[in-house]
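Some notes on the structure that comes next.
Quick caveat: nothing in here was measured; it's all calculated off a predicted structure. Each chain gets a letter, A, B and so on, in the order its sequence line appears, and its residues count up from 1.
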2 protein chains.
Amino acid sequence: MAADAKVEARTARPGSPPPSAPLTERQEARRRRILHASAQLAARGGFDAVQMREVAESSQVALGTLYRYFPSKVHLLVATMQDQLEHMHGTLRKKPPTGETAAERVAETLMRAFRALQREPHLADAMVRALTFADRSVSPEVDQVSRQTTAIILDSMGLGEPGAGHPTPEQLSAVRVIEHTWHSALITWLSGRASIAQVKIDIETVCRLIDLTDPSGTAER
Amino acid sequence: MAADAKVEARTARPGSPPPSAPLTERQEARRRRILHASAQLAARGGFDAVQMREVAESSQVALGTLYRYFPSKVHLLVATMQDQLEHMHGTLRKKPPTGETAAERVAETLMRAFRALQREPHLADAMVRALTFADRSVSPEVDQVSRQTTAIILDSMGLGEPGAGHPTPEQLSAVRVIEHTWHSALITWLSGRASIAQVKIDIETVCRLIDLTDPSGTAER
DNA sequence: ATCAAGTCTGAAACTTGTTCTAGATTAGCG
DNA sequence: CGCTAATCTAGAACAAGTTTCAGACTTGAT
């Protein structure tokens, strides 16, 4: 078919550099199918249930093609996480947190995200395990996830879009620490070593760091 | 059976419940050999270099036996970490940190541990990856590692042995958050996404939480 | 000394992630 | 339209974790 001719890139290699070349419609559709199958398998069964052969089959793609799009299972799951995170960010944007202080708002946002994850614990398992198991070859993708998470947190602090105040180095470090806590607390919850209540407490605890690093009074509404 | 009377346990199943039954000398020796081989392979090559067949061969044990002692690669590496942590705790005990505040002492202790890990980055990689990748079947062992880490931190705060003050719930939460940060920061460093300096800053940042939760003035020397 | 139960060994088999190959399709282009 | 390069497919092949099995060896008890 002479169809979807134009927009095409001969040398499209979806895997290597992130969006190195624009994809044709069919390629975009394949990519979507793959991510969908991945999320679906992950949602019931977690990390182990995402088997590359099954993903390939259920997204109607040859195994080799799957590997061309996502060079490893971890790459695939991290990409799945990116996908879900975008959703989440969009959702959160619509209903911003209402707390008085920045710390409260961040905690509120993270708890909201946590509740979303609780609805699909297996999916959460697959994504988080992939994220922390990722080695250097996945760094760019993991970094992207990290930036996205940072953006969500800064947003909820009120430092997101307006471009008003640049966050101070102390604040950035606090945000990194919050992310660390967030990931690690999720892991302890997923592996059954911490209760939901404990995760909540830890998140609230770490969020207090924010007020501690507030350069002036910007944390207050 | 009135059997397995004395020191020996006929029914010794090293794997299942942690130290369910005492091991014979030869079993103890096997266990040591295995852990040693594991650490050695990990030290050069990290997680991937610890291949079960190689561990078995280089510890002079059949593959099946290796699996009887450690039911999975992750179990093996987590046990390796327990082993190393004991070392570390012993070493740290000898030279307690000297900082003025509890926060300083904890940060000092963690940075010392971090420096030790930097000497064997591959080993650190293997252990930390195993730890965060562990699923529920490894929970007891991972929990043990966590308790050991908590003990080290409480020790350096000055709440360890004396039995003087029980830590408050807030302090325990702060310690948990510190552990979260510690693990997660290690991961970002190991995967090349954060510099040593950044890890240092994050540790110092999170340790400030301690002074924040100090019930009175006990943090001061 | 002998026995029963439990352990260890060596080797093969199975599983799932990853790689490779030959041939069919598709895309961009003159 | 017809060519060429890239992509996709089906399927075999390979690697490392894990399981399984028959037989040799140990251990503690009779």
Options C:dT18, C:dC8, D:dC8, nucleotide nearest the side-chain atoms of A:Gln27:
D:dC8
Could you state the CZ-P distance from A:Arg31 to D:dC8, rounded to the nearest angstrom?
13 Å
Contacts of A:Ile201 that satisfy side-chain contact (heavy atoms from CB on, under 4.5 Å) - sequence neighbours left out
A:Thr205, B:Ser173, B:Arg176
Going by salt bridge (charged side-chain N to carboxylate O under 4.0 Å, His left out), name the pairs with one or both residues in residues 178-192 of chain A, residues two or more places apart or in two chains.
none
Looking only at atom types and distance, does a side-chain atom of A:Ser184 sit under 3.5 Å from a main-chain N or O of B:His183, one as donor and one as acceptor?
no
Set of ring-ring contact (aromatic ring centres under 6.0 Å, His included) partners for A:Trp189, sequence neighbours left out
A:Phe114
Sorted by chain and number, sequence neighbours left out, salt bridge (charged side-chain N to carboxylate O under 4.0 Å, His left out) with A:Asp135 holds for none
Which one, D:dT26, C:dA27, C:dG17, comes nearest to the side chain of B:Arg26?
D:dT26
Strand contacts (DNA chain C) in residues 41-51 of chain A, 4.0 angstrom heavy-atom criterion:
A:Val50, A:Gln51
Quick one: A:Glu28 CD to D:dC8 P, roughly how many Å, whole number?
12 Å
List the residues meeting side-chain contact (heavy atoms from CB on, under 4.5 Å) with A:Thr188, not counting sequence neighbours, and say none if there are none.
A:Arg193, A:Ala194, B:His180
When the distance from CZ of A:Phe133 to P of D:dG17 is rounded to whole Å, what number comes out?
10 Å
In whole angstrom, give the distance that lies between atom CE of A:Met52 and atom P of C:dT18.
6 Å
What is the distance, to the nearest angstrom, from the NE2 atom on B:His75 to the P atom on D:dG17?
16 Å
C:dT7 C1' sits how many Å from B:Glu25 CD, rounded?
17 Å
Could you run down the sub-3.5 Å N/O contacts of the protein with nucleotides 9-13 of chain D?
residue	atom	partner	partner atom	Å
D:dT9	OP2	A:Ala62	N	3.0
D:dT9	OP2	A:Thr65	OG1	2.6

Among residues two or more places apart or on two chains, list those pairs meeting side-chain hydrogen bond (donor to acceptor under 3.5 Å, both in side chains) that have a residue in residues 113-126 of chain B.
B:Asp125-B:Arg129
Should B:Tyr69 be listed as having a side-chain N or O under 4.0 Å from OP1 or OP2 of C:dC8?
yes
Please report, to 0.1 Å, the donor-acceptor pairs under 3.5 Å made by any side chain of residues 47-65 of chain A, with sequence neighbours excluded.
residue	atom	partner	partner atom	Å
A:Ser59	OG	A:Val55	O	2.5
A:Ser59	OG	A:Ala56	O	3.4

Over how many whole Å does the gap from A:Tyr67 atom OH to C:dT19 atom P extend?
7 Å
When the distance from CZ of A:Arg68 to P of C:dT26 is rounded to whole Å, what number comes out?
15 Å
Hey, what do you get for CD (B:Gln40) to CZ (B:Arg33), rounding to the nearest 0.5 Å?
13.5 Å
